[in-house]
Trainee: 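I have a structure here, written as structure tokens, and I will follow up with some questions on it.
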Amino acid sequence: MHKPTHPRLHPAHARHVRGAMLIEVLVAILIFSIGVLALVGLQAQMTHAQSSAKSRADATYLANELIGVMWSDTTNLGSYDTCDGYARCSEWQAKVANSLPKGTGTIDVVNAATGEVTITVRWTSPSDGDHQYVTTTFIRAAG
């Protein structure tokens, strides 16, 4: 029987093949690393967007919460304009300060007779800077 012979690589050719394989492995590692870095960057952007959205949602909730409180307290609507010494107003401002980064809330009772009220919630995000949410509504006593 005839024994098949395997062609042997010339030593110089074998080194070339091993060198090409090493380059392929290094390119694969480079491509994988770029993909991982892209995912890390995407995760950072998503986290930033999520925290910004949460702050906007909190500001909206706080303003709407105060509107609800004012609807239940229409006889004292004028007391919300200055907010000095009026417990409901002061409690809301403290809640804004605790809920948002550097948060402040202001209430402007434009016209107590018509019930026009403007509520402004401001906050400063460390990465985004200054933001504000402003809403205007009419709060009238039933009658």
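Residues: numbered from 1 along the sequence shown. Scope of the values below: all heavy atoms of this structure, side chains included, with no hydrogens, waters or symmetry mates.
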Trainee: Can you measure from OG1 (T114) to CZ (R140) and round to the nearest 0.5 angstrom?
Mentor: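 Answer for the OG1-CZ pair, T114 versus R140, is 6.5 Å.
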Trainee: What is the ring orientation for Y86 with Y80, classed by angle as parallel under 30°, tilted 30 to 60°, or perpendicular over 60°?
Mentor: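 Correct class here is perpendicular.
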Trainee: Does the S51 side chain pair with the main chain of H48, one donor and one acceptor, at a distance under 3.5 Å?
Mentor: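 Looks like yes, one N/O pair under 3.5 Å.
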Trainee: Hey, which of T106, T136, T135, D108 is the one that makes side-chain hydrogen bond (donor to acceptor under 3.5 Å, both in side chains) with T118?
Mentor: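 Among T106, T136, T135, D108, the one meeting side-chain hydrogen bond (donor to acceptor under 3.5 Å, both in side chains) with T118 is T136.
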Trainee: What closest approach, in Å, do S55 and L100 show between heavy atoms, and which atom pair accounts for it?
Mentor: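 Closest approach of S55 to L100: O-CD2, 3.5 Å.
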Trainee: So if you build clusters from Ile, Leu, Val, Met, Phe, Trp, Tyr with side-chain heavy-atom gaps below 4.5 Å, do I23 and I31 land together?
Mentor: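 I23 and I31: one cluster.
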Trainee: Please lay out, stage by stage, how R122 and D130 fare under the test side-chain contact (heavy atoms from CB on, under 4.5 Å).
Mentor: CA-CA 7 Å; R122 291 182 178 87; D130 296 336; over 6 Å; no
Trainee: Return the CD to OG1 distance between Q132 and T124, rounded to the nearest 0.5 Å.
Mentor: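 So the CD of Q132 and the OG1 of T124 are separated by 10.5 Å.
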Trainee: Please find the pair of heavy atoms, one from S99 and one from L62, that lie closest to each other, and give the distance.
Mentor: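 Nearest heavy atoms, S99 then L62: CB-CD1, 3.9 Å.
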Trainee: How long is the span from the CD atom in Q43 to the CD atom in Q50, to the nearest 0.5 Å?
Mentor: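 Taking CD in Q43 and CD in Q50, the distance rounds to 9.0 Å.
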Trainee: Can you find a heavy atom in the side chain of R88 that is under 4.5 Å from one in the side chain of W92?
Mentor: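 No, every pair of side-chain atoms sits at 4.5 Å or beyond.
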Trainee: Atom CG of L42 and atom OG1 of T47: how far apart are they, to the nearest 0.5 Å?
Mentor: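 So the gap between those two atoms works out to 9.0 Å.
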Trainee: With side chains defined as the heavy atoms from C-beta onward, is the minimum distance between T75 and D73 less than 4.5 Å?
Mentor: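 The answer is yes; the side chains approach within 4.5 Å.
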Trainee: How many angstroms lie between atom CD of E91 and atom SG of C89, to the nearest 0.5 angstrom?
Mentor: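 Here the interatomic distance stands at 10.0 Å.
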Trainee: Which atoms form the tightest heavy-atom contact between D81 and V109, and what is the distance?
Mentor: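 Smallest interatomic distance, heavy atoms only, reads OD1-N, 3.1 Å.
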Trainee: Give the minimum heavy-atom separation between G105 and Q93, together with the two atoms involved.
Mentor: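 Heavy atoms only, the tightest pair is O-NE2, 2.9 Å.
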Trainee: Tell me whether V69 is reachable from V96 by hopping between hydrophobic residues (I, L, V, M, F, W, Y) whose side-chain heavy atoms are closer than 4.5 Å.
Mentor: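 V96 and V69: one cluster.
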Trainee: Run through I67, V110, I107, L66 and flag the one making a side chain to side chain contact (heavy atoms under 4.5 Å, CB included) with V117.
Mentor: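 Option passing the side chain to side chain contact (heavy atoms under 4.5 Å, CB included) with V117: I107.
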Trainee: To the nearest 0.5 Å, how far apart are CG in D58 and OH in Y133?
Mentor: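 Spacing of CG (D58) from OH (Y133) equals 12.5 Å.
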Trainee: Between D128 and W123, is there a side-chain heavy-atom distance shorter than 4.5 Å?
Mentor: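 W123 vs D128: side chains apart.
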